[in-house]
Amino acid sequence: MWPFTRRSHESPESETAKRAAEKPLHEAQSRTPESEAQFHESRRVKEQLKAHNRANAYSDFIEGIVLGRLNDSRS
């Protein structure tokens, strides 16, 4: 037989810690629409920057070809 009894209730410290951990969760869940909107906006901006950088790279590539041909024809 086990000489120690099991506790049937949680300690007050664990209850306090549990409530303290739930508070930020509830705050975060209440701001879900705003955070979702910010997330989607940041994704949209990220995609726009990617597209801009890709277009800029193609533009630089074409510009290099054109300027290279102009420099070759002048030599």
Side-chain angles (χ1 to χ4, degrees):
M1 184 162 193
W2 188 251
F4 303 105
T5 60
R6 288 187 165 202
R7 287 187 174 179
S8 60
H9 63 282
E10 294 183 20
S11 68
E13 294 86 5
S14 67
E15 282 294 319
T16 304
K18 189 168 126 180
R19 272 189 248 111
E22 287 175 347
K23 186 178 178 183
L25 175 65
H26 291 301
E27 288 175 357
Q29 286 175 340
S30 68
R31 287 189 293 237
T32 300
E34 293 89 7
S35 60
E36 282 290 322
Q38 288 175 345
F39 175 72
H40 289 297
E41 176 68 15
S42 66
R43 276 263 170 113
R44 186 183 64 77
V45 169
K46 181 181 173 183
E47 291 302 317
Q48 283 180 341
L49 286 172
K50 266 187 185 177
H52 175 75
N53 289 340
R54 194 176 313 120
N56 199 21
Y58 287 131
S59 176
D60 289 347
F61 175 71
I62 292 170
E63 184 178 319
I65 291 173
V66 170
L67 290 177
R69 286 185 182 164
L70 286 176
N71 287 339
D72 287 345
S73 65
R74 290 183 183 174
S75 298

K.L.:
Just how far is it from atom CG of D60 to atom CD1 of I65, taken to the nearest 0.5 Å?
P.N.:
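Separation between the atoms: 11.5 Å.
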K.L.:
Rounded to the nearest 0.5 Å, how far apart are CG of N53 and NZ of K50?
P.N.:
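Going from CG on N53 over to NZ on K50, the span is 10.0 Å.
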K.L.:
Rounded to the nearest 0.5 Å, how far does OG of S59 lie from NE2 of H52?
P.N.:
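Rounded to the nearest 0.5 Å, the NE2-OG separation comes out at 9.5 Å.
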K.L.:
Is there a continuous path of hydrophobic side-chain contacts, each under 4.5 Å between heavy atoms, that joins V45 to F39?
P.N.:
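Unlinked, V45 and F39 end up in two clusters.
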K.L.:
Residues two or more places apart in sequence or in another chain: which of them pass side-chain hydrogen bond (donor to acceptor under 3.5 Å, both in side chains) with R44?
P.N.:
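Scan of R44 (side-chain hydrogen bond (donor to acceptor under 3.5 Å, both in side chains), adjacent residues dropped) gives E41, Q48.
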K.L.:
Quick one: salt bridge (charged side-chain N to carboxylate O under 4.0 Å, His left out) partners of R19, sequence neighbours excluded?
P.N.:
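Expected list: none.
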K.L.:
Using the test side-chain hydrogen bond (donor to acceptor under 3.5 Å, both in side chains), find all partners of H40 that sit at least two apart in sequence or belong to another chain.
P.N.:
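Per chain and number, H40 pairs via side-chain hydrogen bond (donor to acceptor under 3.5 Å, both in side chains) with E36.
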K.L.:
Quick one: pull up CG in N56 and CD in E63 and give me the separation to the nearest 0.5 Å.
P.N.:
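Answer for the CG-CD pair, N56 versus E63, is 9.0 Å.
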